[in-house]
Number of protein chains: 4
Amino acid sequence: MDARERILSTTLAVLARDGYSKLTIGGVAAEARVGKATIYRSWPNKPALVLDAVREELPAIPNEDTGDSNAELISVAHALADLYCSQKIRVALPALMADVADDSGLRSFLTENLIDGRKATSYQVLARAVERGVLPEDTDISLILDCWAGAILFRSLFFEENLDEDTVRRMVEATVASPPRLPAA
Amino acid sequence: MDARERILSTTLAVLARDGYSKLTIGGVAAEARVGKATIYRSWPNKPALVLDAVREELPAIPNEDTGDSNAELISVAHALADLYCSQKIRVALPALMADVADDSGLRSFLTENLIDGRKATSYQVLARAVERGVLPEDTDISLILDCWAGAILFRSLFFEENLDEDTVRRMVEATVASPPRLPAA
Amino acid sequence: MDARERILSTTLAVLARDGYSKLTIGGVAAEARVGKATIYRSWPNKPALVLDAVREELPAIPNEDTGDSNAELISVAHALADLYCSQKIRVALPALMADVADDSGLRSFLTENLIDGRKATSYQVLARAVERGVLPEDTDISLILDCWAGAILFRSLFFEENLDEDTVRRMVEATVASPPRLPAA
Amino acid sequence: MDARERILSTTLAVLARDGYSKLTIGGVAAEARVGKATIYRSWPNKPALVLDAVREELPAIPNEDTGDSNAELISVAHALADLYCSQKIRVALPALMADVADDSGLRSFLTENLIDGRKATSYQVLARAVERGVLPEDTDISLILDCWAGAILFRSLFFEENLDEDTVRRMVEATVASPPRLPAA
DNA sequence: AAGTAAACGAGACGGTACGTCGTGTCTTCCG
DNA sequence: CGGAAGACACGACGTACCGTCTCGTTTACTT
């Protein structure tokens, strides 16, 4: 087990045990039996380290073409819920968002790694639904996705409440019944 | 101008000028020509101070009964957008959410002060729309509000993008055309 | 029991209980059920207060003319030992000496109140011994007194050791046998 | 020039310039371009730091066997005078004595470092005088030394007066003529 | 007896120093 | 010779007292 692995897994362990604010580069180094410099050689600061540690093994968005767009849409929404309600994300994301405020490089890194890929995948699923006529031509796909993700994240952040399966389904059904449209161009 | 006022207004000024992470209790104290102890006498820590400073003069949710529920719904959504896109909130909210993670007392203080009141007011407006038949009896009002707020906040946080007037309108229209329903009970 | 008395006796009590360094004006005020300003109205600072509190009821130097100068000299030396080994003095004097270093007004107040009077009295006793021929005409009385007081204080300060009765007697006897002389003029 | 040296020499400089009471750990750190933690890593508090800084380069007690015990005794007394009247000691010792009152560990450190060694050396010189018959067999050497040191220190502390050469000589002569004896055992 | 002034308790206030902690850089020394 | 160990400069933390300053509220003296 090389240093990098030990550092990342220790980071996750400390994060889960002590939370983000009590996680310290020095603390992780000590616990991973690693010199601080070894950490700083690979990551410029705490949010970068945490982001790197958290990034992996998060739920992905399913993009299998099953022929049944309704089912696909629901599983996309579920995947979003799984993502934003995962323990790692709940513990680290708010703090990362905050720490990242001073560092636009890190900000885009975060957005690209956690958000953009999943949004692109989700977009493909919804675009397929449009092609199939399940959603109208002028559907504002991006807005739908942000509503879904936003609702999920919002409840997670402020109410410590995860969207349950049924609620996700009702939200998706309502959206499908009448999705937001793109501007008239 | 007494100490409390001087502290709060200095806090807002520093927040706007330097951002949350560079705001320091000692710095605010010095700039407000106040002893640090005077701040600590009234607020236990930085997030509490910032929250208190930020809390005031944020846009409220309009709740006038105009007879036109469609217009009312749109102005509620606009008010939410104004809230979550206000400079104060954008600068402070992510950091507050993060700092608050270790302190459930502060967490509920934040939720109660920034969220709950506005959600309750918004709820009344939507409930009126239900009474008038603009929205169906079994509308999941709370879910609608969290979708709206979530979408707005999500774009603000990750894309530094504020929902423009037209987008808000399209989102509301889609919701009204087919709102999410409450579970079958 | 008026304020002044309450303050002084509380000061002595705190001094005995907590030592000089842990004695604070605010603490004395609280314990004496007195406002801090009431203390500051009468004493400019902590050493002044403590000095005032300590000053009273300290052993005086006996100056009775008994006809037996040898006995008188020994009781003077004993009185010095009693003074510098008294609990009040041991607790407060070093700290007073230190605090007083920045304030020459207070320094002379201390010297005058604690030292000068006793030294003058002691001087009289030794001068009487000179008159009687127990000590030679050119005895350096002042140097004798400073040797005695110095030895006592020195042992008290550095060795936490009080000069016992026998040691005092032997010191005095040696001095009487061959006292230091004044410079040849 | 490493940190330790820089700290100690800065401490001495500040001590001489500003006095003990205005010497601050933070101030020394800033002036020595050193972090406060670096000081606290090596010294637990201000008196320990000052004691360590002051300890070096203080006059030592001469212990050369010249064959002339009278001259040796006088130079011992002179060395004591040089010690207790040295600027470093005058500035720091009273405050050290005071601060040390709460910390018996530091107290013994002080005593051992400043006093005991010199007293032991002085003792040897006087013991040699006893061997040579300059002083009687049953001389209370320790009491002599404490008288000398005490007189010197006493005048330095309370009268800001240093024992001049002649006075030291007269004090020593008187002592030699009739030293205090040990208890009859 | 009422009115007024002084002294008082309580404690907020601006400041200064404290001693601790974490950061990110740098050096030392061991395997 | 790469990496652990940790010293280092820096700066914020939250606490404790300082000495000053308002506040009301007793007291106790004047009228």
Side-chain angles (χ1 to χ4, degrees), chain A residues 2-4 6-7 21-49 99, chain B residues 1-4 6-7 21-49 99, chain C residues 2-4 6-7 21-49 99, chain D residues 2-4 6-7 21-46 48-49 99:
Chain A
D2 73 341
R4 179 184 168 83
R6 232 174 338 148
I7 291 166
S21 70
K22 284 177 186 156
L23 180 150
T24 280
I25 300 277
V28 170
E31 200 158 319
R33 314 260 337 163
V34 143
K36 281 203 297 174
T38 306
I39 298 186
Y40 279 109
R41 209 171 294 126
S42 300
W43 298 273
N45 47 40
K46 168 167 150 177
L49 170 63
D99 274 9
Chain B
M1 189 168 183
D2 73 341
R4 180 186 167 82
R6 236 181 321 154
I7 290 166
S21 70
K22 286 179 186 154
L23 182 151
T24 277
I25 300 276
V28 169
E31 199 157 319
R33 311 243 14 156
V34 143
K36 279 202 292 177
T38 303
I39 298 187
Y40 282 108
R41 209 174 294 124
S42 301
W43 298 272
N45 47 42
K46 170 166 147 177
L49 170 63
D99 276 7
Chain C
D2 73 341
R4 178 182 168 86
R6 234 178 330 152
I7 291 167
S21 70
K22 285 179 186 154
L23 181 151
T24 64
I25 301 277
V28 170
E31 200 157 319
R33 314 258 343 162
V34 143
K36 282 203 294 175
T38 304
I39 298 185
Y40 281 108
R41 210 171 293 127
S42 300
W43 299 274
N45 46 41
K46 168 167 151 177
L49 169 64
D99 275 9
Chain D
D2 74 340
R4 180 185 167 82
R6 234 178 324 150
I7 290 166
S21 70
K22 285 179 186 154
L23 182 149
T24 277
I25 300 275
V28 170
E31 200 157 318
R33 309 242 12 154
V34 142
K36 278 199 294 173
T38 302
I39 298 186
Y40 282 110
R41 210 174 294 125
S42 300
W43 297 274
N45 45 43
K46 169 167 151 178
L49 169 63
D99 276 8

*D:Arg41/D:Thr38 under side-chain contact (heavy atoms from CB on, under 4.5 Å): CA gap, chis, key distance, verdict*: CA-CA 5 Å; D:Arg41 210 174 294 125; D:Thr38 302; 3.9 Å; yes
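With the nearest nucleotide of DNA chain F identified for both D:Val34 and B:Lys46, D:Val34 has the one nearer the 5' end. Nearer to the 5' terminus of DNA chain E, by closest-nucleotide assignment, is the contact made by C:Ala30 (compared with the other of C:Ala30 and D:Gly26). Of the residues near DNA chain F, D:Ser42 and B:Thr24, the one whose nearest nucleotide (by heavy atom distance) lies more toward the 5' end is D:Ser42. Between C:Arg41 and A:Gly27, it is C:Arg41 whose nearest contact on DNA chain E lies nearer the 5' terminus.
With rounding to the nearest 0.5 angstrom, the CD1 atom of C:Ile39 is 12.0 Å from the NZ atom of C:Lys46. Between the CG atom in A:Asp99 and the CG atom in A:Asn45 there is a gap of 8.0 Å [rounded to 0.5 Å].
Considering only side-chain N and O atoms, D:Arg6 lies nowhere under 4.0 angstrom from the phosphate OP1 or OP2 of F:dC8. Between A:Arg33 and the phosphate of F:dA5, there is a side-chain N or O to OP1/OP2 separation shorter than 4.0 Å. Distances shorter than 4.0 Å separate none of the side-chain N or O atoms of D:Thr38 from OP1 or OP2 on F:dA7.
As rounded to whole Å, 13 Å separates atom C1' of E:dT20 from atom CD1 of D:Ile25. For B:Ile39 and E:dA12, the CD1 to P distance is 15 Å, given to the nearest whole Å. Straight-line distance from the CG atom of D:Leu49 to the P atom of E:dC18: 10 Å, rounded to whole Å. Distance B:Ile7 CD1 to E:dC13 C1': 10 Å, rounded to the nearest Å. The distance from atom CG of C:Asp2 to atom C1' of F:dA28 is 15 Å, rounded to the nearest whole Å. Following rounding to the nearest Å, D:Arg4 (CZ) and E:dT27 (P) show an atom-to-atom distance of 22 Å. At whole-Å resolution of the value, CD in D:Glu31 and P in F:dA9 are 15 Å apart. We find that CG of C:Asn45 is positioned 10 Å from P of F:dT20, with the value rounded to whole Å.
Here E:dT20 is the nucleotide among F:dA5, E:dT20, E:dA17 with the atom lying nearest to any side-chain atom of D:Tyr40. Across E:dG14, E:dT23, E:dA10, the shortest atom-to-atom separation from the side chain of B:Ala3 is found for E:dG14.
In this structure, D:Lys36 contributes its side chain and D:Ala29 its backbone to no donor-acceptor pair below 3.5 Å.
Taking 3.5 Å as the limit, the base of F:dG14 and the side chain of B:Lys36 contain a donor-acceptor pair of atoms between them.
As judged by a 4.0 angstrom heavy-atom cut-off over every strand, C:Ala29 is placed among residues making no nucleic acid contact.
When every heavy atom of D:Arg6 is checked against every heavy atom of D:Arg33, the shortest pair comes out as NH1-O, 3.1 Å.
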